[in-house]
Amino acid sequence: MKIIFYPLDYQYKVKDEQVLIYLYGKTQEIASQEQKNTPQSQKIVITFPYQPYFYAKLNNSIDKGDSNRKNIADYFQKINIDVHGRPAKITAWKEVEKEFLGKKEKFLQIYANFPQAVPALSQELESKGLKCYEKDIVFIQRFIRDTGLWPFSPLEAEGEFISDLSLRLPLFSAHALRTLNEEEKLKLPPLPLRIISLDIETYARERAIDFEKNPILMIGLSGVDENNKENDNNEQKNENDGKNNDEKDNDKNNNNKDNDKNNNSFQKVITWKTFPNNLENLEVVENEAEMIKRFKEIMLSYQPDIITGYFTDGFDLPYLKFRADKFNIKLDLGTDFSELDASANRERKEGRIAGLLHLDMFKFVRNIFGRNLKTDGFSLDEVSFELLGHRKHEVDISELYSAWDSNSEKLADYCRYNIHDAYLALQLCHKLLPDIRELTEITGLPAFDAIRMSFSRLVESYILKRAIEYNVLAPNRPSSYEINSRREESYEGGFVFEPQPGLYENIAVFDFRSLYPSIIVSHNIGPESFRCPCCKNIKNNAVPERDDYWFCQKEKKFTPLILEELIRKRMELRKALKIVQPKEKALLEARSQALKLLGNSFYGYLGFSGARWYGFECARSTTAYARNYIKATIQKAEDAGFKVCYSDTDSCFLLLGDKKLDEALEFMKAVNKNLPGMMELEFESLYPKGIFVALKNTEKKQSEKSNKREEKGAKKKYALLDTKGQLKIRGFETVRRNWSPLAKELQEKFLNLILNGKKEEALEYLRQTVSLLKEGRMPKKKMIIKTMITREIDEYASIGPQVVVARKMLERGYPVPPGTMIEYIIVRGSNLVRDRAKLVEDVKEGEYDAEYYLNNQLIPAVSSILAVLGYNEDEIFSDSKQTGLGSYFK
DNA sequence: CGAGCCCGGGG
DNA sequence: GTGTACGGGCTCG
């Protein structure tokens with residue numbers, strides 16, 4: 001029997017001495033007559049046997065003569081290592097030729113009887129002097145790359161349905177799998193996915209998030225079935241929305257309510273308290289335990305393909321798991337009846353449900369998509385606003401507990417808020433799914449892994465995937481010792497033109513399109529081409545400022561070559577994008593985006609200390625070329641009579657002065673005439689006004705330091721006036737939880753006033769805050785600093801303020817296990833901060849150290865904003881730093 | 001100044 | 001799961 005199947009999630013299991021890949025996903029259409037009884041587009045499981053393997057270097061002593069081969073055979077057959085009670089054995093091996101760092105060599109490909117046997121076997125072989133490779137490739141990832149069976153991509157499976165009571169879904173045992181070709185794929189209708197989004201609200205007095213003490217109050221769920229045209233219409237509307245608009249929001253909620261009747265799209269909030277309301281989607285149950293049981297029921301009956309949410313990895317799922325455990329409820333949502341695997345205490349916070357693809361949209365945005373966003377923070381509110389044009393509901397979440405305690409009708413607002421959050425996460429998932437799909441296809445990773453990975457690992461996955469096509473063997477991951485020694489080395493980063501502080505007019509901004517990738521490709525920079533013997537004596541081939549570095553000019557090498565292919569593919573896409581139908585456009589746009597992100601990360605990967613294809617000299621050469629190009633460009637601009645006011649790595653800010661924009665564009669054309677390969681200078685935009693502020697000393701040091709290791713350095717601090725006359729402020733860090741409420745409040749209000757153009761009011765507010773602080777009139781509640789204890793108190797090597805306070809708490813008999821939030825206030829005195837840290841209950845009103853709070857809390861909270869506005873923070877605060885109240889504030 | 005440690009998101 | 005993020009900022013030593 002043959003079926004068409006879309007894999008979504010992957011797993012492997014060892015059953016009866018056989019390694020089976022479990023592909024969880026959907027059948028789409030019936031491929032043959034026989035299985036007419038199987039419903040269309042049904043969730044099923046496919047199993048397929050696959051054998052783990054790794055490589056070993058075939059050294060001379062083994063390669064010589066039959067006797068050695070026999071010795072090796074005897075040795076391999078004899079190996080039997082116990083791994084968690086299972087004997088690890090070599091089941092087969094063969095000789096293969098592979099390219100390793102540019103050279104063809106012979107290796108042994110060695111098969112193991114189960115995946116966890118690989119590290120044990122390779123360790124054994126290495127102890128006998130055989131160097132091993134590809135011994136730590138995640139087995140599922142290996143399977144996907146080898147077979148090309150990417151998630152979301154249809155495959156044809158040959159086999160039969162068999163009965164397996166250990167699974168919640170029908171099981172298809174496959175003996176052959178193949179990907180469909182493009183022609184076959186086109187014949188298939190799009191895969192309809194059913195997605196459910198989850199959001200919980202919890203009891204939290206004073207911002208305390210405490211899994212043990214605080215119950216879950218409500219669970220918001222929002223589901224969508226993509227096989228529903230009404231929803232597609234909604235989506236269209238959504239894209240045209242633009243800014244926040246509550247009416248449209250309500251529209252959509254109503255539509256979804258209507259959808260409820262005809263299909264599987266729905267919105268629901270479950271809670272366990274009765275209060276006055278007119279909510280249609282509310283379901284009230286007896287208590288928290290019943291609520292969790294109901295959640296489980298809904299999950300099992302709705303049968304989603306994907307579960308999503310915002311920070312569900314680190315909050316919602318671990319919280320649910322913890323509370324379920326507390327009530328002895330089994331959250332066995334897994335397709336194989338396994339329990340939800342989620343914990344907030346583990347090193348790696350991930351929520352897994354076997355066979356159900358969990359996409360935490362926060363992880364995807366923070367790790368990957370955030371590069372495309374303007375926002376600094378990655379809160380649901382900020383991200384939804386930028387991507388969907390909708391904000392979270394305006395509700396004071398810190399008052400939820402009191403509304404709960406008083407059975408207030410306000411709880412209805414919190415229910416709406418809850419469901420809206422789930423809805424926003426669902427829409428984010430819906431909107432970003434094409435991007436996720438493209439990313440998984442390019443990198444050959446399961447979607448679960450792809451969205452949770454750093455850029456360097458994504459690049460590495462892409463290289464590993466292409467390595468199969470090019471018969472390239474992957475270098476090993478560096479040891480932690482090697483990583484540390486790599487981190488010791490540093491090199492010069494991009495060139496930064498230090499701006500003259502001041503206000504400028506008519507700034508024409510130009511930048512090199514994908515500067516680093518284009519340099520790598522144009523100069524064939526890669527570990528395989530570095531200092532090739534064949535190009536040693538070629539003239540003018542040395543790297544700028546480095547006459548001992550050169551790269552091969554005769555042959556395109558693996559890493560720069562696959563980067564070039566990535567870029568070319570994208571260029572073709574950009575061309576195609578101009579002529580395709582709007583329907584296809586979104587997908588191609590996502591593909592182009594994914595290609596761009598990966599391409600731009602190649603440089604960072606070469607300099608990444610954990611990289612398999614590490615290329616310190618490559619990364620160093622890339623920035624050296626870049627500095628050379630941008631400096632030459634600045635020189636040319638000045639020769640053409642423009643003044644350059646700023647430049648950073650790949651950009652060049654020209655002051656038009658009395659010249660026309662056309663003249664600047666002419667300059668650009670002249671530059672482009674002399675650039676090699678795929679390098680190109682582009683016109684970015686014209687800004688009528690812009691403010692440049694000198695970096696503070698400490699910041700300058702920091703950014704120089706970080707530039708050495710990063711691809712582009714941190715996001716810049718700047719202020720630009722756009723055509724609508726609005727000031728855009730970027731690059732100041734948001735306040736974190738180990739800051740006092742005082743600092744948080746100040747930053748929030750101050751920023752708000754400034755952004756609304758109320759500069760005088762903002763400064764007045766700042767003045768008043770400082771006065772209150774100095775006079776000791778700030779309530780102590782606002783001075784509390786919170787820090788979490790992450791280990792046993794004795795284990796601290798460095799005694800910070802939170803450790804001192806934790807010790808005091810221990811003395812008083814308070815339990816202080818890891819995870820405890822320590823709350824303290826800094827009081828007056830002349831010693832170290834930690835000696836002045838007091839337990840909140842020991843502090844009298846007005847006892848706090850105003851100077852500490854001014855210098856360490858207030859000033860840092862607003863200084864970057866002041867700086868961007870052209871105020872010198874030293875000027876404003878200097879007197880108050882020394883004498884108390886600054887003259888400015890009198 | 002280097003090393004050590006915590007933060008993000010979530011309520 | 002053929003595993004353990006990461007870069008920035010503060011504080012101590």
Side-chain angles (χ1 to χ4, degrees), chain A residues 11-12 52-54 83 88 112 114-123 132 134-143 199-211 214 216-218 309-319 341 344 346-350 352 360-363 365-367 377-383 395-401 414 417-418 421 449 452-457 477 608-610 698-699 702-703 705-706 709-710 713-714 733-739 786-791 796-804 832-835 837 856 860:
Chain A
Q11 232 188 351
Y12 79 86
Y53 63 89
F54 62 104
V83 178
F114 62 100
Q116 284 170 323
V118 170
L121 293 171
S122 61
Q123 210 181 347
C132 295
E134 301 199 4
K135 58 196 177 181
D136 55 358
I137 307 277
V138 180
F139 183 54
I140 287 297
Q141 295 176 14
R142 154 87 73 198
F143 165 78
D199 182 54
I200 64 167
E201 306 302 327
T202 64
Y203 192 91
R205 189 192 284 266
E206 309 270 314
R207 302 175 160 207
I209 288 177
D210 189 325
F211 288 33
N214 294 331
I216 300 172
L217 305 183
M218 46 188 79
Y310 208 77
F311 202 46
T312 26
D313 263 348
F315 184 71
D316 305 76
L317 290 179
Y319 216 120
D341 176 19
R346 257 183 309 213
E347 196 76 7
R348 198 167 183 174
K349 282 185 258 180
E350 286 175 359
R352 281 180 192 270
D360 180 345
M361 295 318 292
F362 163 67
K363 287 282 177 78
V365 170
R366 184 197 62 181
N367 293 344
F378 296 126
S379 65
L380 178 61
D381 186 58
E382 288 170 277
V383 172
V395 166
D396 185 359
I397 194 67
S398 62
E399 286 301 313
L400 167 57
Y401 80 94
Y414 288 105
Y417 167 87
N418 181 209
D421 274 8
D449 301 285
R452 287 166 175 82
M453 252 180 213
S454 68
F455 264 94
S456 293
R457 293 287 171 218
R477 273 193 180 191
F608 168 49
S609 58
T698 50
E699 281 167 5
Q702 288 295 342
S703 73
K705 204 176 172 183
S706 59
R709 279 273 149 215
E710 279 178 17
E733 58 292 311
T734 42
V735 175
R736 304 141 113 204
R737 77 160 171 239
N738 57 348
W739 288 48
K786 296 182 186 188
T787 308
M788 193 187 279
I789 290 286
T790 56
R791 62 191 80 174
Y796 277 92
S798 172
I799 312 300
Q802 77 278 25
V803 181
V804 172
L832 290 169
V833 176
R834 66 162 177 227
D835 296 322
N856 298 52

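Nothing here was measured: the structure is a model prediction, and the numbers come from that model. All values below come from the heavy atoms of this structure, side chains included, with hydrogens, waters and symmetry mates left out. Protein chains get the first letters and strands the later ones, always in sequence-line order, with residue 1 at the start of each.
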Out of C:dT2, B:dG11, C:dC12, minimum distance to the side chain of A:Pro119 belongs to C:dT2
Using the P atoms only, state how far B:dG9 lies from C:dG9, rounded to an integer number of Å. 14 Å
For A:Tyr53, ring-ring contact (aromatic ring centres under 6.0 Å, His included) partners two or more places apart: A:Tyr55, A:Tyr111
Consider salt bridge (charged side-chain N to carboxylate O under 4.0 Å, His left out). Of A:Lys349, A:Arg366, A:Arg348, A:Lys363, which one does A:Asp313 pass it with? A:Lys363
C:dG1 to C:dC6 separation - P atoms, rounded to the nearest Å: 15 Å
Short side-chain N/O contact to C:dT4 OP1/OP2 from A:Arg477, under 4.0 Å: yes
Within the structure shown, what part of the strands sits under 4.0 Å from A:Met788 by heavy-atom distance: base, sugar-phosphate, or nothing? sugar-phosphate
Between C:dG8 atom C1' and A:Asn738 atom CG, what is the distance in whole Å? 12 Å
Against the side chain of A:Ile799, the closest entry in C:dG13, C:dC6, B:dG11 is C:dG13
Measure the distance from CZ on A:Arg457 to P on C:dT2 and round it to the nearest whole Å. 15 Å
Could you tell me whether the side chain of A:Asn418 and the main chain of A:Asp199 form a donor-acceptor pair under 3.5 Å? yes
Touch class at under 4.0 angstrom, heavy-atom based, for A:Tyr796 against every strand present: sugar-phosphate
I want to verify a distance call: between C:dC12, B:dG11, B:dG10, whose nearest atom is closest to the A:Ser379 side chain? B:dG10
Just call it for A:Asp341: base, sugar-phosphate, or nothing, with non-hydrogen atoms closer than 4.0 Å on any strand. nothing
Under 4.0 Å, heavy atoms only, any strand: does A:Thr790 hit a base, just the sugar-phosphate, or nothing? sugar-phosphate
Rounded to the nearest 0.5 Å, what's the gap from CD on A:Gln802 to CE on A:Met788? Could you check? 11.5 Å
Applying a 4.0 Å non-hydrogen cut-off, can you work out what A:Tyr12 is touching in the nucleic acid: base, sugar-phosphate, or nothing? sugar-phosphate
Within the 4.0 Å heavy-atom criterion, would you say A:Phe114 contacts the bases, only the backbone, or no part of the nucleic acid? nothing
Identify which one of A:Phe315, A:Phe311, A:Phe378 satisfies the ring-ring contact (aromatic ring centres under 6.0 Å, His included) criterion when paired with A:Phe362. A:Phe311
Could you check whether A:Gln802 gets within reach of a base, just the sugar-phosphate, or nothing at all, counting any heavy atom under 4.0 Å? sugar-phosphate
Between atom CZ in A:Phe54 and atom P in C:dG3, what is the gap in whole Å? 13 Å
C:dA5 to B:dC6 separation - C1' atoms, rounded to the nearest Å: 14 Å
Go through B:dG10, C:dT2, B:dG11 for me and flag the one nearest to the A:Phe311 side chain. B:dG10
Applying side-chain hydrogen bond (donor to acceptor under 3.5 Å, both in side chains) to A:Tyr417 and not counting sequence neighbours gives A:Lys392
Nearest-Å distance, CG (A:Asn856) to C1' (C:dT11)? 10 Å
Rounded to whole Å, the CZ-P distance (A:Arg366 to B:dC7) equals 15 Å
Whole Å only: how far is the NZ atom of A:Lys363 from the C1' atom of B:dG9? 9 Å
Go through C:dT2, B:dC5, B:dC7 for me and flag the one nearest to the A:Gln116 side chain. C:dT2
Is A:Tyr414 close enough to B:dG11 that one of its side-chain N or O atoms is under 4.0 Å from OP1 or OP2 there? no
Remember a base hit wins even if backbone is also touched, and classify A:Arg205 as base, sugar-phosphate or nothing at under 4.0 Å, heavy atoms. nothing
Go through C:dC12, C:dT2, C:dT4 for me and flag the one nearest to the A:Arg348 side chain. C:dT4
Counting any heavy atom closer than 4.0 Å, what does A:Asp199 reach on the DNA or RNA strands: base, sugar-phosphate only, or nothing? sugar-phosphate
Are A:Glu134 and A:Arg142 close enough for a salt bridge, meaning some N to O gap below 4.0 Å? yes
Counting side-chain heavy atoms from C-beta on, which of B:dC6, C:dG13, C:dT2 comes nearest to A:Arg834? C:dG13
With the side chain defined as heavy atoms from C-beta on, A:Ser798 is closest, among C:dG3, C:dC12, B:dC6, to C:dC12
A:Phe139 side chain, from C-beta outward: closest of C:dG13, C:dT2, C:dG1: C:dT2
What does A:Leu217 touch in the nucleic acid at a heavy-atom separation under 4.0 angstrom: a base, only the sugar-phosphate, or nothing? nothing
Could you state the CG-P distance from A:Asp313 to C:dG3, rounded to the nearest angstrom? 20 Å
Among C:dG13, B:dG10, B:dG11, the one nearest any side-chain atom of A:Tyr417 is B:dG11
Please report, rounded to the nearest Å, how far the C1' atom of C:dG7 is from the CG atom of A:Asn367. 13 Å
